[in-house]
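Here the structure is a predicted model, which is why all the values come from computation and not from measurement. One-based numbering, in listed order, for ligands and for the atoms of each.
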Amino acid sequence: MDNGPTPRKLEPATTSAGSTPAERLLAVQARITRAADQAARDPADVSLLAVSKTFDAGAVRDLAACGQREFGENYVQEALDKQTALRDLPLAWHFIGPIQSNKTRAIAENFSWVHSVDRLKIAERLSAQRPAGLPPLQVCIEVNVSGEASKGGVAPSEVPALADAIAKLPGLQLRGLMAIPAPTSDGGAQRAAFRQVRELFDDLRARGRALDTLSMGMSGDLEAAIREGATIVRIGTALFGERTRHA
Ligand SMILES: *Cc1c(COP(=O)(O)O)cnc(C)c1O
């Protein structure tokens, strides 16, 4: 009896990888620092957005206890439930999922950032519905660089006109571009996709847009994204473990 395996429920919360939230956060921060060093960039110029979709408020609270403040969510109702449960914490919430017109008010009222703006109609609704007492909603235009028709995001050729239109909206502050390239384990292909986003970003800046944000890089490709200039990496799996339900 006394030499049997330790019962699992007596151990602290772990993923299947056997690590704690603090260990996973440190490991991701180390990856960011190493990638920034290799790109001769300051690691402080790359911020970490923890993507908590499908994980419960308790998992967010555990990571917040390690010092993480910025969290990304893809589903409005799921996010609102977590925000309510975590109201005692000073967290900043980013909406990163596809946006339906009937959800714009909830997004405008409850998030600091939106990374996934890809239509003027959605941008106009977010601007009009942003409460007057809050700072402008910080937004990125989502660019579809992989040309996958099923994916969200605006075609690269349409980005300049959309940026010009969004820049005129009073409830929004356009910060930059976001992209979710098609997943690949080929580092060269990862970098080529991120480079396209950065070139579009550089073009917009050359045209006079004051942009400072490139939201790109996830658990599998954050190194390539940082090499190509990412300023926000959006990390889910490497922080919370594998997702077992939708997305
Ligand atoms: C789920 C998701 C992420 C995080 O992906 P991981 O591979 O789990 O790190 C990042 N960005 C968006 C838009 C997502 O939907």
Check each of [options] against [atom] and report the one with the nearest heavy atom.
| atom | options | result |
| --- | --- | --- |
| atom 13 (C) of ligand 1 | Val233, Ile180, Leu49, Thr237 | Ile180 |
| atom 5 (O) of ligand 1 | His94, Met218, Met178 | Met218 |
| atom 2 (C) of ligand 1 | His115, Glu73, Lys53, Arg243 | Lys53 |

Problem - Polar side chain donor-acceptor pair, Arg125 to Ser101, under 3.5 angstrom - result: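 Absent: no donor and acceptor within the cut-off.
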Problem - Residue pair Ser52 / Glu73, side-chain donor-acceptor N/O under 3.5 Å - result: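 Yes, side-chain donor-acceptor contact under 3.5 Å.
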Problem - Residue pairs, two or more places apart or on separate chains, that pass ring-ring contact (aromatic ring centres under 6.0 Å, His included) and touch residues 33-60 - result: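 Found Phe55-Phe240.
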Give the table of side-chain donor-acceptor pairs shorter than 3.5 Å for residues 181-189, with sequence neighbours excluded, one pair per line with atom names and distance.
from: Thr184; atom 1: OG1; to: Asp186; atom 2: N; distance (Å): 3.0
from: Asp186; atom 1: OD1; to: Gly188; atom 2: N; distance (Å): 2.8
from: Asp186; atom 1: OD1; to: Ala189; atom 2: N; distance (Å): 3.2

Problem - Within reach of ligand 1, part of Asn74 (heavy-atom separation under 4.0 Å) - result: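 Asn74 to ligand 1: side-chain contact only, backbone stays beyond 4.0 Å.
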Interfacing atoms of ligand 1 (cut-off 4.0 Å, heavy-atom, [X]):
| X | value |
| --- | --- |
| Ile96 | 11 (N), 12 (C), 13 (C), 14 (C) |
| Ile235 | 9 (O) |
| Arg234 | 4 (C), 9 (O), 10 (C), 11 (N), 12 (C), 13 (C) |

Exercise for the section: Flag the pair Glu228 and Arg191 as a salt bridge only when some basic side-chain nitrogen lies within less than 4.0 angstrom of an acidic carboxylate oxygen. Expected result: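 Here Glu228 pairs with Arg191 in a salt bridge, since their nearest N and O are under 4.0 Å apart.
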Exercise for the section: Carefully, step by step, assess Lys82 and Glu78 under the rule salt bridge (charged side-chain N to carboxylate O under 4.0 Å, His left out). Expected result: CA-CA 6 Å; Lys82 281 178 234 183; Glu78 179 188 329; 2.7 Å; yes
